[in-house]
Amino acid sequence: MITATSHGFGTCCDTLAGAMAEEEFDPLIAVGDDGILYMAVGSIIEDDDDEAGIVEHPVFFCPFCGTKLQDADEVMRKLDGPEQ
């Protein structure tokens, strides 16, 4: 995962910054390698390998203070990657 502050996520309030900074376990809110802020919303076990995976969803607004963090168009641009 990319650090939150390198993308400005977690600067809206101390609560989000703290939630993203936990080092004893993987935080439930984190910036992915694609630069998108995600929240873990569940887990799934694949039938073929019995390993748990995490289901994540982009976070558009801070769940603590309500500040807009990213929008759907921005997320789609990041998912599409650089223009070819």
Side-chain angles (χ1 to χ4, degrees):
M1 291 285 175
I2 297 171
T3 61
T5 55
S6 67
H7 288 281
F9 299 122
T11 59
C12 59
C13 68
D14 290 340
T15 307
L16 180 59
M20 296 175 69
E22 182 57 51
E23 294 183 12
E24 291 185 26
F25 56 87
D26 289 335
L28 297 177
I29 302 172
V31 181
D33 293 336
D34 51 15
I36 298 170
L37 183 65
Y38 291 100
M39 178 184 288
V41 294
S43 63
I44 187 169
I45 296 177
E46 297 290 331
D47 290 334
D48 55 340
D49 62 13
D50 289 334
E51 285 193 33
I54 300 295
V55 178
E56 298 175 317
H57 192 276
V59 176
F60 297 107
F61 296 88
C62 176
F64 306 106
C65 72
T67 299
K68 184 175 183 177
L69 302 172
Q70 57 191 355
D71 61 37
D73 291 336
E74 180 182 359
V75 168
M76 291 307 296
R77 281 192 303 276
K78 289 178 180 179
L79 289 173
D80 289 341
E83 295 286 330
Q84 298 289 330

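Numbering of residues begins at 1 and proceeds along the displayed sequence.
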Measuring from atom NE2 of His57 to atom OH of Tyr38, what distance do you get when rounded to the nearest 0.5 angstrom? 10.0 Å
Contacts of Pro27 that satisfy side chain to side chain contact (heavy atoms under 4.5 Å, CB included) - sequence neighbours left out: Ala30
Close side-chain approach of Lys68 to Phe60, heavy-atom, < 4.5 Å: no
Any residue meeting side chain to side chain contact (heavy atoms under 4.5 Å, CB included) with Ala40, in chain and number order, not counting sequence neighbours: Leu28, Ile54
Tell me every residue that passes side chain to side chain contact (heavy atoms under 4.5 Å, CB included) with Phe64, counting only those two or more places apart in sequence or in another chain. Cys13, Thr15, Leu16, Ala19, Ile29, Cys62
Could you pull out the closest heavy-atom pair between Pro63 and Met39, with the gap in Å? CG-CE, 3.8 Å
May I ask you to test the Ile36-Glu74 pair for a side-chain heavy-atom distance under 4.5 Å? no
Establish whether Val41 and Ile44 are linked, either directly or via other cluster members, by ILVMFWY side-chain heavy-atom contacts under 4.5 Å. yes
Could you check if a side-chain atom of Gln70 sits within less than 4.5 angstrom of a side-chain atom of Phe61, using non-hydrogen atoms only? no
Can you name the residues that form a side chain to side chain contact (heavy atoms under 4.5 Å, CB included) with Asp14, not counting sequence neighbours? none
Flag the pair Lys78 / Val75 as yes when at least one side-chain heavy-atom distance between them is below 4.5 Å, and no otherwise. no
